[in-house]
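Before any comments, here is the structure.
Worth saying up front: this structure is predicted, and the values here are computed from it rather than measured. If you read the sequence from its start, that first residue is 1, and numbering goes on from there.
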Amino acid sequence: MSIAETMIPPQAPPPAPPKPYTLSRFFGSVALGVWLALAVGIFFTVVGGWDAEKFSRYGPSFLSGLGVTLALVSSSILLGAVLSLPVALGRMSKHRLWSWLAYAYVYFFRGTPLITQLFLVYYGLGSFRPQLETVGLWWFFRDAWNCALFTFTLNTAAYQAEILRGAIESVPRGQHEGAAALGLPKHIAFFKVILPQAMIVALRPYGNEIVLMIKGSAIVAIVTVFDLMGETRRAFSRTFDYQMYIWAAALYLLMVELLRNIWGWLEARLTRHLKR
């Protein structure tokens with residue numbers, strides 16, 4: 001009789017012991033039930049009060065506002081990414097002046113509310129109209145959309161600079177030494193060796209920053225930019241139907257969910273070589 005015949009066949013693992021029903025699980029179940037009841041109530045309220053005429057009338061305006069929101073967020077994210085690289089390098093610089101200037105910039109834009117920054121640009125720079133006309137910049141700052149783009153770019157650049165700085169500093173020192181051992185110049189080693197590895201580390205925080213920018217973009221409706229929230233406010237002022245805000249919330253959720261799935265696929269694609 002062979003050894004294989006005398007071996008015990010593989011057995012199924014023992015069942016997991018039942019989890020005790022604790023007080024925290026009870027309150028969690030109650031909270032989940034409340035949220036489900038609210039969701040069902042909102043769903044039936046929306047279905048019961050559905051007005052096809054309002055949807056056909058204001059639906060195109062919502063889509064137009066959605067396009068403005070996407071254009072504003074995508075443009076500010078891209079411009080902020082370009083600006084964040086020199087700011088991040090300034091934060092890591094050993095030169096005290098550049099390091100201090102970059103620190104002050106990041107400290108201000110991360111430490112003050114975005115709506116305050118928008119008001120400072122939109123209302124504050126309007127007080128300097130003669131000076132801006134003299135230097136030929138009034139054509140830019142007189143437009144609310146340009147002011148929003150300028151503010152959002154400066155704001156997200158500060159956050160992206162800190163994300164990028166942390167990612168660059170997380171790259172092991174051995175990567176720098178290996179590039180130097182190969183005789184690569186510092187700038188080539190940075191862009192070809194260090195930065196690609198840092199971008200993988202920074203990928204998930206970048207996704208969070210884009211989500212925050214999408215939700216934060218709603219404040220531009222206050223300065224007469226007719227983005228998604230601006231169109232929602234205008235539609236509500238004409239109908240006084242709260243469902244306008246439910247439609248807007250659904251579109252914001254759709255944007256965030258699509259971005260989350262795209263970003264998850266992108267992260268899995270770029271980090272597949274790290275998985276075993």
Min side-chain heavy-atom separation [X]-[Y] under 4.5 Å:
X: Tyr159; Y: Met213; result: no
X: Thr69; Y: Met229; result: no
X: Leu164; Y: Leu195; result: yes
X: Leu132; Y: Phe140; result: no
X: Tyr206; Y: Met199; result: yes
X: Glu162; Y: Val106; result: yes
X: Met255; Y: Leu66; result: yes
X: Val40; Y: Trp35; result: no

Same hydrophobic cluster for [X] and [Y], using side-chain heavy-atom links shorter than 4.5 Å among ILVMFWY?
X: Phe226; Y: Val68; result: no
X: Phe191; Y: Leu184; result: yes
X: Leu125; Y: Trp139; result: yes
X: Trp145; Y: Phe152; result: yes
X: Val256; Y: Trp265; result: yes

Looking at every non-hydrogen atom in both residues, tell me the closest pair between [X] and [Y] and how far apart they are.
X: Asp227; Y: Ala221; answer: OD1-CB, 3.8 Å
X: Ala218; Y: Tyr252; answer: CB-OH, 3.7 Å
X: Pro60; Y: Ser56; answer: CD-O, 3.5 Å
X: Ala157; Y: Leu83; answer: CB-CD2, 3.7 Å
X: Ala88; Y: Ala161; answer: CB-O, 3.5 Å

May I ask you to check whether Phe62 and Tyr58 place their ring centers less than 6.0 Å from one another? no
Distance flag, aromatic centroids of Phe150 and Phe141, threshold under 6.0 Å: yes
Looking only at the side chains, is there a donor atom on one of Thr112 and Gln117 sitting less than 3.5 Å from an acceptor on the other? yes
So, Gln160 and Glu209: side-chain donor and acceptor under 3.5 Å apart, yes or no? no
Before accepting this row, confirm whether a basic side-chain N of the pair Arg57/Glu53 lies closer than 4.0 Å to the acidic partner's carboxylate O. no
Ile77 CD1 to Ser84 OG distance, which is reported to the nearest 0.5 Å: 9.5 Å
Measuring from atom CG of Leu72 to atom CG of Asn146, what distance do you get when rounded to the nearest 0.5 angstrom? 10.0 Å
Any donor-acceptor N/O pair, Ser237 side chain to Arg234 backbone, under 3.5 Å: yes
Residue pair Met244, Lys54: steps toward the side-chain contact (heavy atoms from CB on, under 4.5 Å) verdict: CA-CA 9 Å; Met244 300 298 170; Lys54 290 179 182 177; 4.1 Å; yes
[X], [atom1]: over 12 other non-hydrogen atoms inside 6.0 angstrom:
X: Tyr107; atom1: OH; result: no
X: Arg204; atom1: CZ; result: no
X: Tyr242; atom1: OH; result: yes
X: Tyr245; atom1: OH; result: yes

Which of parallel (below 30°), tilted (30 to 60°) and perpendicular (above 60°) describes Phe119 and Tyr123? perpendicular
Over 60° means perpendicular and under 30° means parallel, so classify the ring planes of Phe240 and Phe236, tilted if in between. perpendicular
Starting from the C-alpha separation in whole Å, work towards a yes-or-no answer on side-chain contact (heavy atoms from CB on, under 4.5 Å) for Thr224 and Tyr122. CA-CA 11 Å; Thr224 69; Tyr122 183 70; 3.9 Å; yes
